Amino acid sequence: MDILDILLSASFWAAAIRIASPLIFATLGELICERAGVLNLGIEGIMVAGAFSGWIAVWAGLPLWGGVAVAMLTGMAFGLLHATLSVPFGLSQHVVGIGLTLLATSLTFYTYRVVLPEVSSPPKIEAFQPYEIPLLADLPLIGPALFSQTPLTYAAFLLAAICAYTLYRTPVGLAVRAAGENPSAVAAQGLSVTAIRMGAVITGSGFMAVGGAFLTLSAFDSFFFDMVNGRGWICIALVVFGAWRPGKAVLGAILFAAFDALQIRLQQTAIGALVPYQLFLMLPYILSILALVVMSRRAEVPAALMVPFNKGER
Amino acid sequence: MRLEPIAAPSWQRRLIPPAAAILATFVIAALLAQIAGGNPFSIFGLILSGALGSKFAILETLNRATPLIFTGLAVAVAFRAKLWNIGAEAQLYAGAVVTVVLGTGALALPAPLLLPLLALAAMVAGAGLLLGPALLKTRLGVDEVVTTLLFNFIFLLFVSYLLEGPLKDPMGMGWPKSPRLNPEARLPRVVDGLRLHWGFALALISAVAIWLINTRTTLGYEMRAVGQNAEAAQFAGIPVTKVILKTALLSGGLAGLAGYSEVAGLKGALTLDLSPGFGYTGIVVAMLALLHPIGVVFAALFVAAIFVGADSMSRAAGVPSYLADIMLASALLLMVLAILLSKFRLRRD
């Protein structure tokens, strides 16, 4: 199959949107944390915990949306831990984040082994099914790509719109952005920088966990240990690539997912037979580094990112 | 709420929080063991006897500590200069790959020449792998946390390619495994008959060497100055960029040595499961040691004992060995908090 044929097929774009969905959730989550001034490196572990907790809740009998809620709450709990250590205590966000990823991952694997001690392969659940939006799904190319997805994908795009609106059009969003740019000014307004930043980290961590849950509840129907496989770190690169803006971050996630979908299809072509498959699997990571390099020259980083705020201190 | 530095912390103030952190770690582990149906107290007994209960167990713990000392030192050196090297995992594999490439016949030299040469080559490989992210940081301001993390995934896929292609053992029955090292390329055992290789001694020597560099050389001083306040260091005439690059070479080189020691000392060949996350565990080791090179040795022994002990506890009591990983992650988070609380107090306002 020719590359052009691939790029013009509806199934390719449907796959791209599907691959982008968990990245959109997690990237938005990371973006909210960073906009408030906190780098959340717990993202990888929180996604693992979200993927597992959502799936195990559904396996135990909860409806699918109940699983999403459980994942979100799990993520928020880890977010509370991160926020407590990194905001009022002002501990190194690098160390706290890496520690949280290690903790969330090992707690997840431990719980898996405790709940399912004997299984050789994880049980399957009834995952989200695609829902065709009436009329829109009949459009050529766009219909199957955009409007025949699972409800959780629609939720991802809805969330992006809500995030963009909240960040730029509401007082809450202004407070979050100001906490990441100029926390002293926020404090001078009588607002609590600590509360704003903690709220942002907790909310953002909840979204990251839903991104993880997308993998088990929508993309697949089961949980595997190496399921998240660096997607969290890729999302951190996507936040930079999207210049800390929700709209651009979503576009970045789709572009990135399109490359990912393309490499999967290229593996099955004549080129794929010549090139070792590991090179294709490397592409997402290489692409993320390239994205960071390309965007490095633009100074749009929130000014107070990674700077702890201690009231009364200059 | 705000943090207020304590001018002269009393000895209680400095000692109690870290002690409480260790205690809390064990309480968390006990609760989790209870949930899994194990008896919390017998669990700790099993971990202890599994790690130190026999000659075999002690040697296993020392062997497990060896790569952790190297990666712990690699992280400690980097973090002290605020270079966030999270890529020790990939740098370890880089050292291992070079050891296998050169140690399977490419360099036909007697052992006394070959072994130091392999060590040097492994260091160069590890250092080279960190140089890229370090240059991206100093030249373009790209955050090294993300780049070094992503390099871990890229390099592991590269190793997977090597083991299925150019480096594949033709006698390996189709397994992705490299050929075995020549006998001259193997690190001998410290004592005949005991399963402990010279990699452990090399790790101890490295720890002392890093301690000497930190305390006795200009570079050691400059690395600390850059870590404490890069702007002030620049102002004081320290070449910050150069110091960061030197730190990267040193850190990557140490991680490369971990790969060399694992292949030449313990395994004799390269597989994809050479390191069960030694690079990441090195972060915990370094933080528990408060980034002190001699402390790294003790922290690595502690961490290795928990891992080895948890493996044998898991077989005996049926509590998942992931308990060890949870203990270490909690210890890491609680310890950084404890160190803060020994120097600051939290004030309501």
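To find a chain, count down the sequence lines: A is the first, B the second, and so on, and within it residues start at 1. In this text the structure is predicted, and so the values were computed from the model without any measurement.
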Working note: A:Leu85 + B:Val336, criterion side chain to side chain contact (heavy atoms under 4.5 Å, CB included); need CA distance, chi angles, decisive distance, verdict. CA-CA 9 Å; A:Leu85 293 172; B:Val336 286; 5.9 Å; no

Among the options B:Ala331, B:Pro320, B:Pro133, B:Gly37, pick out the one with the most heavy-atom pairs lying under 4.5 Å from chain A. B:Pro320

Can you measure from OG1 (A:Thr84) to CG (B:Leu333) and round to the nearest 0.5 angstrom? 11.0 Å

What residue in A:Leu103, A:Val240, A:Val115, A:Leu39 has the most heavy-atom pairs under 4.5 Å with chain B? A:Leu103

Using the side chain to side chain contact (heavy atoms under 4.5 Å, CB included) rule, take A:Ile236 and B:Leu149 through it: C-alpha gap first, then chi angles, then the decisive distance, then the call. CA-CA 11 Å; A:Ile236 291 186; B:Leu149 271 167; over 6 Å; no

Minimal heavy-atom distance between B:Ala36 and A:Val114, with the atoms involved, is CB-CG2, 3.7 Å

How far does CG of B:Leu140 sit from CE of A:Met295, to the nearest 0.5 angstrom? 13.0 Å

Identify which part of A:Tyr277 has an atom lying under 4.5 Å from any heavy atom of chain B, answering side chain, backbone, both or neither. side chain

Check whether any side-chain heavy atom of A:Leu292 sits under 4.5 Å from a side-chain heavy atom of B:Leu136, and report yes or no. no

Among the options A:Leu107, A:Leu81, A:Ile234, pick out the one with the most heavy-atom pairs lying under 4.5 Å from chain B. A:Leu107

More than 12 non-hydrogen atoms from neighbouring residues, nucleotides or ligands closer than 6.0 Å to CZ on B:Arg139, yes or no? no

Rounded at 0.5 Å granularity, tell me how far CG in A:Leu281 sits from CG in B:Leu157. 5.5 Å

Checking heavy-atom separations under 4.5 Å from chain A, one finds in residues 321-330 of chain B B:Tyr322, B:Leu323, B:Asp325, B:Ile326, B:Ala329, B:Ser330

Between A:Leu279 and chain B, which part of the residue has a heavy atom less than 4.5 Å away: side chain, backbone, both or neither? neither

Under 4.5 Å from a heavy atom of chain A, the part of B:Phe158 involved: both

Checking heavy atoms, do the side chain of B:Ile283, its backbone, both or neither come under 4.5 Å from chain A? side chain

Top of B:Ile339, B:Leu340, B:Thr147, B:Val284 for chain A proximity - count of heavy-atom pairs under 4.5 angstrom: B:Leu340

Is B:Phe153 close to A:Ser288 at the side-chain level, that is, under 4.5 Å between some pair of heavy atoms? no

Before giving the answer on side chain to side chain contact (heavy atoms under 4.5 Å, CB included), spell out for B:Thr148 and A:Trp233 the whole-Å C-alpha distance, their side-chain angles and the decisive distance to 0.1 Å. CA-CA 10 Å; B:Thr148 51; A:Trp233 311 130; over 6 Å; no

Of all heavy-atom pairs between B:Val145 and A:His94, which one has the smallest distance, and what is that distance? CG2-CD2, 3.1 Å

What part of A:Leu91 gets closer than 4.5 Å to chain B, counting heavy atoms only: side chain, backbone, both or neither? side chain

Please determine, among B:Asp143, B:Leu337, B:Leu341, the option with the most heavy-atom pairs under 4.5 Å with chain A. B:Leu337

Name the member of A:Ala104, A:Gly97, A:Ser92, A:Ser106 that forms the most heavy-atom pairs with chain B at distances under 4.5 Å. A:Ser106

Distance col, row A:Leu100:CG vs B:Leu332:CG, nearest 0.5 angstrom, shows 10.0 Å

